[in-house]
Amino acid sequence: MVLIKHLPRESALQRQIHGEAAEWSVTDHLLAAAVDHLAVGNWMFTCVNSGEDSDPPEFPQAVPRPGSKEDEAADADADGEDTGTGAAGGATAPPAGAVSPGELARFFG
């Protein structure tokens, strides 16, 4: 039991049990979060500095993480299944659980 508990992340058993999530370290998750926050910051900058008559830019897509709902939806779309999550044109709203521009503005205030 102790041997199995302390196997490295790259081991075949860890990959079998945890899938792709076994390959992601804390550093990988932090880097993905940093990229997401930079993308949202750039999106906010573009929204604020674009003309009033121009179309708003699309909200940036988050870096896919192993085991996330977006990751499962992408796999289902690749398999040809319709998940019903697509939008019909126009700018997309931030996904549920995403940081809103107002919250970012208060944070960076």
Side-chain angles (χ1 to χ4, degrees):
M1 180 68 168
V2 174
L3 178 64
I4 292 174
K5 185 176 181 181
H6 296 288
L7 282 173
R9 278 193 334 255
E10 304 86 32
S11 69
L13 181 64
Q14 292 285 6
R15 282 194 211 141
Q16 180 67 30
I17 293 171
H18 300 291
E20 185 184 351
E23 298 175 14
W24 277 59
S25 67
V26 172
T27 305
D28 295 330
H29 284 282
L30 289 173
L31 284 172
V35 168
D36 290 343
H37 287 270
L38 284 171
V40 170
N42 289 336
W43 173 78
M44 283 181 22
F45 179 82
T46 303
C47 287
V48 169
N49 291 309
S50 61
E52 292 181 17
D53 297 333
S54 64
D55 292 333
E58 289 189 26
F59 192 79
Q61 297 292 322
V63 173
R65 286 147 173 91
S68 67
K69 292 180 183 177
E70 292 85 15
D71 193 30
E72 293 168 4
D75 290 343
D77 288 342
D79 293 340
E81 297 176 15
D82 183 19
T83 58
T85 58
T92 59
V99 179
S100 71
E103 290 172 342
L104 280 176
R106 274 184 262 136
F107 178 76
F108 291 109

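These numbers come from a predicted model, not from an experiment.
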Applying side-chain hydrogen bond (donor to acceptor under 3.5 Å, both in side chains), can you list everything that pairs with Ser54, at least two apart in sequence or on another chain?
none
To the nearest 0.5 Å, what is the distance between CZ on Arg65 and CG on Asp36?
4.5 Å
Hey, can you tell me if Trp24 and His29 have their rings parallel, tilted or perpendicular (30° and 60° cut-offs)?
tilted
Do Leu13 and Ile17 touch side chain to side chain, with heavy atoms closer than 4.5 Å?
yes
Looking only at heavy atoms, which two atoms of Pro57 and Trp43 are closest? And how far apart?
O-NE1, 3.2 Å
Test side-chain hydrogen bond (donor to acceptor under 3.5 Å, both in side chains) applied to Asn42 - qualifying residues, sequence neighbours left out
none
